[in-house]
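Reckoned from all heavy atoms, side chains included, excluding hydrogens, waters and symmetry mates.
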Amino acid sequence: MRFSQEFKIFAGIFLILFLAVFTTGYWHSLATKPAFTEMQLKSFDKKIAENDACFNLNLEPNNFDRKKIEKLNVTVNKKILIEKKIDVSQKQTLNECFSSEELESGDNIVFINLGNDRVFYHIQKTDFLEQQNPKISIVSANENEIVFKIENNDLQKYEPATILVNGKKDHSVFPSKKNQEFSEKLSLQPGENNVKIVFGNQSEETIVQKKETFHIPLVLSLAIIAGLLSVLFLFVFAKKNLLERTAYSIASFFGFMGVIPFILLNANIFSAELMALITVFFTLGLAFYFKKNFQKNKIKIRKLSYFEILLIGFILFSALFFHLFTENYVSLWTSFYERQATLIAQTHEIPVIDPFSELGTKPFGYVSGYFFINAALQVLTGLPGSNIFPIITLLAGTMILVSMLLLLKELKIETKIAYLITALFFMSGFIFGDLMFNIRHTISFSFMLLALAVFLKENNKITPGILLAFAGFMQPLLLAFFGIIGVVLLGFKKIVPVLKQVLIASVLVLISFSQVILRHGFVTQANASVWGYNFGMPWPGVILDTLAMSLFSLIVLMPMFLTKKIKLNHESKKILATVLILALVQTFISYRVNIATALLFALFIAKTLPEKIFKQKFAEHALSLALILGLITTFTAMTMFSTPASEIEMASFLKENTSTEANFLVEPALGHSVVFLTERKILSDLAVEYADSEKINESFEFLQTGKNVILKKHGIKYVVNRSIFIESQPVGSNLQPEKIEFEQLDKIYSNGSFYVHLRS
C-alpha cells in the first residue's frame, strides 16, 4: 500500500523527534567530572563584643568515589584557633565558634582553610552592641515578584532571609542595611502558592496565584512539527532528488520557524495557540496545493556505503548522544544564544533592553534568526531550551550534511570523495564545535552552502539570494563569505551574478534588522580589536582549526604531488592561494573568516584528490577507519568545551543564595554562562555589539587591581572569578601568578576553581 511508506516516513520523523527530547534526560550522565568540594559560608558574625564569634560553613562534595581527608584550620591574626581533619568526600555543615578574646579591636579577617583552598570574612570587635528585633512585612506579591521589607535589623550577623514556596526553599537573600526592601522573582507553580519569608525567628507568609499557561500536549506538538517536515519532504519537494528534497525541506522548516515568530513578535501577537494554528493551516495548505506531487513520490531504499553510514551516524550521534559525555550542553559562549532564545520564549516579545547584561541597561541589539527558531519550538512544544536543543541540532546537522554534499555534487566531485571531504570538513575545530554546541552557526552555514549549491546550478534566479538572506538573518558576515567563495569558484567574470545574490540577501537582511537599527542605531563593537571582528588568531590556532584537512593533505596529497601522480591545475592553485591568504587574514586581521578558510580548504582537497583513489575497496575501508578514529579524537577533545561542572555548582549556589536584583561583577568571559545559569545582572560580558567598552575594561581592571571604587560606582554586591585565570585576551597566556582573591571583601564561596566574593 503506497500510503504505508509515506506514513512510515512521518512516524520515523516523529519517533526521532521524540527520541531527541527523551535522551536529554540522560545527558551528562557519562561525563568525566572532576572531584571537588564546595566551601559555602552560609552565616557568620559581622560584629561582636563579648560573646563567642561563630560561623556556619557548608561542605558540598561533588563526584568523589573514595574518602578524602583534608586538614581544616581557622586562623585569625596569624593564629590558628581551630584545627581538625575533615573527610571532604562527605556532605556536612560545620558550626564553629571561637572566643572573642582572640580578636583585636576593630576589623579582623577570619580565614577558614581547607587543604589548599579557603574562604574568609571580616568581623568587627567593639566594646558594646545593642541587639534589636527585626521586623518582616510583605508589601505586595504577584506571579512576577514578591516585595517585602526587613526593618530594624541590627546587622550583627551575615544571615539569610529565606523565601519558601509551598514549603520548599526558592532562594535566600542577605540583608545588608538596617531597613531594606527586596523585590524578588520567584519560581511558582500554576495555581495557588504559599510564599513564606523567614528571617531569624520572624516570618511572614502570603498566598500568590499564578495563571495557568496554555501548553499544547507534547505528543501533539511533535506531531505538528513532524507533519510540517513530512509535507515539505513528501509533497512540496517530491520532484527533487533525495539530497535536494532533504536540504530544501529542512531549510523551509527553519525559514518558517524563523520568519513567522519574527512577524508575530513584531506585531505583539506571539503565542503558543497562534503559532500552532498557523503551523497546522500552513501544513494543510501546502499539502493541498502540492497534492499532485504526492502521487509522484519515488523513495528508493538502497544499501548504504561505509562513508554514508559514517556521516549519518555522526549526525545522529552528535545530536542525540554526544552530550552524554559533556558536563553541560552549552559552552561559555553559546550559553548567550540559548539564553536570548529562552528570554524571547518566556516573555513572548523581543526585549528592547537585555534585562541582565550591563546591569540591565544594554540594548537588545544582537537579534539573530536562531533566537526565533529556538523560541518558536519552545513555545510550540512547551519544552525548555535544553529539550529543544537536540531537535534543532539533529535538523541542523542533517541540513549541513546534505547541503555540503549538494555543493560538492554541483562542483562535479565524485560521490565517495565528496563523502570523504565532508567528513574532513566536519573535523575542522570551528565546524565541529558548532555542530556540537553552536547550532546557530550550523544553521547559518547550511543556508550559505545550500545557496552556493543552488547558485552554481541556476545562478540567474533569486533563490540563492533568498537562501543567503536566511544565512545572514542568523549571521550577517556570511554574505561576505558567499561573495568571496563565489568569486573564487567562478572567477571574476561571474562577479556580477555573485554580487546580485549578495545584494538581494543584503536588502532582506537589512529589513530584518531594521527594528534594531531604528532603536539603537547601526551596530557598534566594543573592544573590536580584542573581542570583536578584528582580532587575529596565532598561526598554531589556525592550523589546529583545520588539523584533519592539514594532516590529510600532508599524508595523502603531498606524496602524490611530489611523485607527480597529481598536478595542481589553475583552479586548484587559485583555491589554494585563497586559502593561504585567508589563513593570513585569520592570523593577523580577523579570525572570523575561519568558515571561508575551512570550506575552501575542503574544496581544494576535493578538486585535487584523484577519483581513482577508491578503485580498490581497501582504500575506502582504510580511510573510513581513519575518519572514525579522527572523529573519536575530535569528539573527546570537544567535550572539554562545555561549561564545567565546577561553574555549574557555583552558579547553583548563587541562584539559591543571592537576591534576584543583586549586581554582579563577573569575569567578562564568564558573563554569558553565569547569566544563563543564574539569571542575575552582571556588569559586562563579551557580546560586544552595542556594548559599553568602559564596563568591560572596568571589569578586567577590578579583577587585576581590586579597586573598590569600581564596585561602589556600579553598586556591585558580588564578584565572581576563576582562581588563577583571567581571560583578558581570546588566545595566549591568561594564567595569573597567584590566586585571585580580594581580602577587602568577604570570600563566601570556593570550589578550588571558582570564587565568589561579597561586598558587605
Side-chain angles (χ1 to χ4, degrees), residues 38-46 54-60 91-95 131-213 346 355-356 384 648-664 674-675 677-681 717-718 746 748-749 756 758 760:
E38 302 172 74
M39 300 179 70
Q40 305 174 354
L41 261 178
K42 289 301 183 77
S43 67
F44 55 83
D45 289 316
K46 296 171 66 177
C54 300
F55 65 83
N56 178 289
L57 178 72
N58 279 5
L59 299 181
E60 293 280 348
K91 182 177 180 178
Q92 53 199 293
T93 298
L94 304 178
N95 295 293
Q131 291 191 339
Q132 297 176 330
N133 293 318
K135 178 185 176 183
I136 303 173
S137 59
I138 295 175
V139 178
S140 63
N142 56 50
E143 65 178 39
N144 296 315
E145 66 176 3
I146 183 169
V147 180
F148 63 93
K149 289 181 180 178
I150 295 179
E151 299 173 289
N152 203 35
N153 183 15
D154 58 25
L155 299 178
Q156 293 178 20
K157 292 190 69 174
Y158 171 80
E159 60 180 332
T162 301
I163 305 170
L164 303 171
V165 176
N166 300 322
K168 294 183 179 180
K169 179 181 176 181
D170 187 272
H171 68 280
S172 296
V173 298
F174 290 79
S176 58
K177 298 176 182 177
K178 183 176 181 180
N179 300 303
Q180 190 168 356
E181 183 174 283
F182 293 91
S183 300
E184 298 297 312
K185 298 178 180 64
L186 302 175
S187 298
L188 303 176
Q189 298 296 321
E192 187 175 278
N193 294 266
N194 178 272
V195 180
K196 186 176 184 180
I197 315 295
V198 179
F199 182 60
N201 58 3
Q202 302 290 313
S203 66
E204 285 288 320
E205 58 186 293
T206 187
I207 300 296
V208 180
Q209 294 285 342
K210 184 178 181 180
K211 295 178 183 177
E212 293 275 355
T213 55
Q346 290 174 343
F356 302 111
I648 295 169
E649 296 303 328
M650 177 271 293
S652 296
F653 169 80
L654 292 178
K655 197 163 186 177
E656 290 182 15
N657 296 285
T658 64
S659 167
T660 57
E661 294 299 308
N663 290 344
F664 286 73
V674 168
V675 173
L677 294 166
T678 67
E679 297 182 323
R680 298 299 193 265
K681 292 185 288 186
K717 185 72 174 177
Y718 299 94
D746 297 321
I748 60 171
Y749 177 92
V756 177
L758 164 71
S760 298

Does the side chain to side chain contact (heavy atoms under 4.5 Å, CB included) test come out yes or no for V165 and L188, once each step is laid out?
CA-CA 7 Å; V165 176; L188 303 176; 3.8 Å; yes
Is it true that, when you exclude K178 itself, more than 12 heavy atoms of the residues, nucleotides or ligands shown sit nearer than 6.0 Å to its NZ?
no
Could you check whether any side-chain N or O of N153 sits under 3.5 Å from a backbone N or O of P134, counting only pairs where one atom can act as donor and the other as acceptor?
no
Heavy-atom side-chain contact between F356 and E679 under 4.5 Å
yes
Looking at NZ of K46 and OG of S176, how far apart are the two atoms once the value is rounded to the nearest 0.5 Å?
6.5 Å
From N166 atom CG to Q189 atom CD, the distance as rounded to the nearest 0.5 Å:
7.0 Å
Measuring from atom OG of S43 to atom CG of L57, what distance do you get when rounded to the nearest 0.5 angstrom?
9.5 Å
Would you indicate whether the side-chain heavy atoms of L155 and Q180 approach each other to under 4.5 Å?
no
Any heavy-atom pair between the side chains of H171 and L186 that's under 4.5 Å?
yes
When you compare the side chains of K717 and T658, does any donor N or O come within less than 3.5 Å of an acceptor on the partner?
no
Rounded to the nearest 0.5 Å, how far does CG of N58 lie from CG of L94?
8.5 Å
Which atom of E192 lies closest to which atom of I207, heavy atoms considered
CG-CG2, 3.2 Å
Shortest non-hydrogen pair, L677 vs A651, comes out as CB-CB, 3.5 Å
Check: V674 main-chain N/O paired with R680 side-chain donor or acceptor under 3.5 Å
no
Residues 141-151, side-chain donor-acceptor partners within the protein, below 3.5 Å, at least two apart:
{"unit_1": "N142", "atom_1": "OD1", "unit_2": "N144", "atom_2": "N", "d": "2.8"}
{"unit_1": "N142", "atom_1": "OD1", "unit_2": "E145", "atom_2": "N", "d": "3.0"}
{"unit_1": "E143", "atom_1": "OE1", "unit_2": "K211", "atom_2": "N", "d": "2.9"}

Taking it one step at a time, do E661 and K185 satisfy salt bridge (charged side-chain N to carboxylate O under 4.0 Å, His left out)?
CA-CA 8 Å; E661 294 299 308; K185 298 178 180 64; 2.9 Å; yes
Taking only residues two or more places apart in sequence or in another chain, which ones pass side-chain hydrogen bond (donor to acceptor under 3.5 Å, both in side chains) with S760?
D746
Does the side chain to side chain contact (heavy atoms under 4.5 Å, CB included) test come out yes or no for L654 and V756, once each step is laid out?
CA-CA 9 Å; L654 292 178; V756 177; 3.8 Å; yes
For Y718 and A662, work out which heavy atoms get closest and say how close.
CE1-CB, 3.9 Å
Taking all atoms of both residues into account, what is the closest heavy-atom pair of Y749 and E38, and its distance?
OH-OE1, 2.6 Å
Taking atom CG of N133 as the centre, does the number of heavy atoms from other residues, nucleotides or ligands within less than 6.0 Å exceed 12?
no
Spatial distance of atom CZ (F653) from atom NZ (K42) [nearest 0.5 Å]:
6.5 Å
Indicate yes or no for a side-chain donor-acceptor contact from N193 to the backbone of G191 under 3.5 Å, with no hydrogens or angles considered.
yes
Going by atom type alone, with no hydrogens or angles, which donor-acceptor pairs under 3.5 Å involve a side-chain atom of residues 194-206 and a protein atom two or more places apart or on another chain?
{"unit_1": "N194", "atom_1": "ND2", "unit_2": "E205", "atom_2": "OE1", "d": "2.9"}

Hey, mind stepping through N657 and K169 against side chain to side chain contact (heavy atoms under 4.5 Å, CB included) and telling me if it holds?
CA-CA 10 Å; N657 296 285; K169 179 181 176 181; 3.4 Å; yes
Could you walk me through whether T660 and E184 satisfy the side chain to side chain donor-acceptor pair (under 3.5 Å) test, starting with their C-alpha distance in whole Å, then the side-chain angles of each, then the deciding distance to 0.1 Å, before giving a yes or no?
CA-CA 6 Å; T660 57; E184 298 297 312; 3.1 Å; yes
Between the CG atom in L59 and the CE atom in M39, the distance rounded to the nearest 0.5 Å is 6.5 Å
When you measure from the side chain of D45 to the backbone of C54, do you find a donor-acceptor pair of N or O atoms at a distance under 3.5 Å?
yes
Pick out which of Y158, F55, F174 makes a ring-ring contact (aromatic ring centres under 6.0 Å, His included) with F44.
Y158
